Amino acid sequence: MSDGKENSRKSADPAVQQMISKAKEMGVTTVWDRYDAMTPQCGFGETGLCCRHCLQGPCRINPFGDEPKTGICGASADVMVARGIDRAIAAGTAAHSGHARHLAHAMLKMAEGKTRDYMVKDVEKLKAVAARLGIPIEGRKENDIALDVAKAALADFHEKDTPVLWAATVVTPGRVKVLTDLGLVPKGIDHEVSEIMHRTLYGVDADAVNLLLGGLRCGVADLAGCYMGTDLADILFGTPKPVVTEANMGVIMADAVNIAVHGHNPVLSDVIVSVAREMEKEAKAAGASGINLVGVCCTGNEVMMRHGIPACTHSVSQEMAIMTGAPGCHGS
């Protein structure tokens, strides 16, 4: 296969395709090279039939032969797969809810007057979220409402007698009943992640169905974390509206100070957008045409949908942007 066809298989972005060829010329190892070096990938891992969750292993079960039928601890193939799926769900829940937690802390500090860089930018969204959570809004100041919303958000992380609000209030009443009847309403976002890590270790839960039900409950906690992050970001930074922007590595400018915002949290990146605009004169005084902000991955999407900042690359091709030597990267 020619380099052109091979590169087009790796990325639809012609600029990334060009950088893949340049990386090869320079002898720089990329994500695609590391993938090729790993092939063929582990067949046991691809089927979920390998485990190193305890110190008796690592174990693997042959899906095609007669032996072995269980791991060293006695876990069957179904149990091994269920434990692996559960842990993947827990990892995703921790990541998504971690995004929301940072926003909740930022809102709490803002409401308490401990930071001057954040404010309520969408009052109507604040009131709508508060009303959904059962927080009084009539005759109250914005910061007082925001304080209660932030506290409710942080309370959703810990085990409590009442359900996780961002799980119980964002789905239909019928769905709440289904989840309640099945015991799938989470008690706390962090609690569900911890419970998964506990139950999937050696000697605790060895029933595949029960394990998967725990995974589903943690998945509902993941929904809560995702929804919470969206709500709080909209309140603090404004609810996104349709914008016209650009995407592709061509958004990097040769004569500008290029800053790539990259990561999993908009708390700092949104402020960087404002500060960058304030420092345009300084960049020009230093000989640049100005400051050029571009986005990479999740945080790139946050500033794109709120400010129209162009998207440079996604997570897989992020190395290509760095390889140009043009952008300084901010990770959040």
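In this chain, residues are counted from 1 in sequence order. Note that the structure is a prediction, hence the values are computed from the model and not measured.
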Could D190 and R101 be called an ion pair, given the rule that one side-chain N must be under 4.0 Å from one carboxylate O? yes
Quick one: are E246 and I309 in side-chain contact, heavy atoms under 4.5 Å? no
The single option from K241, K121, R306 passing salt bridge (Lys or Arg N to Asp or Glu O under 4.0 Å) against D234: R306
With side chains defined as the heavy atoms from C-beta onward, is the minimum distance between V296 and H314 less than 4.5 Å? no
Would you check if there is a donor-acceptor pair between the side chains of W166 and D231 at a distance under 3.5 Å? yes
Check whether H102 reaches the backbone of G98 with its side chain - one donor and one acceptor, N or O, closer than 3.5 Å. yes
Using atom types as modelled and distance alone, determine if a side-chain donor or acceptor of E302 lies under 3.5 Å from a backbone N or O of T299. no
Salt-bridge test for E6 and R9: reply yes if a basic N is under 4.0 Å from a carboxylate O, no otherwise. yes
Does the side chain of R140 come within less than 4.5 Å of I135's, by heavy atoms? yes
Salt bridge between E319 and R34, side-chain N to carboxylate O under 4.0 Å? yes
Between the side chains of D36 and T39, does any donor sit under 3.5 Å from an acceptor? no
Please give me the minimum heavy-atom distance between I235 and K125, naming the atom from each residue. CG1-CG, 3.8 Å
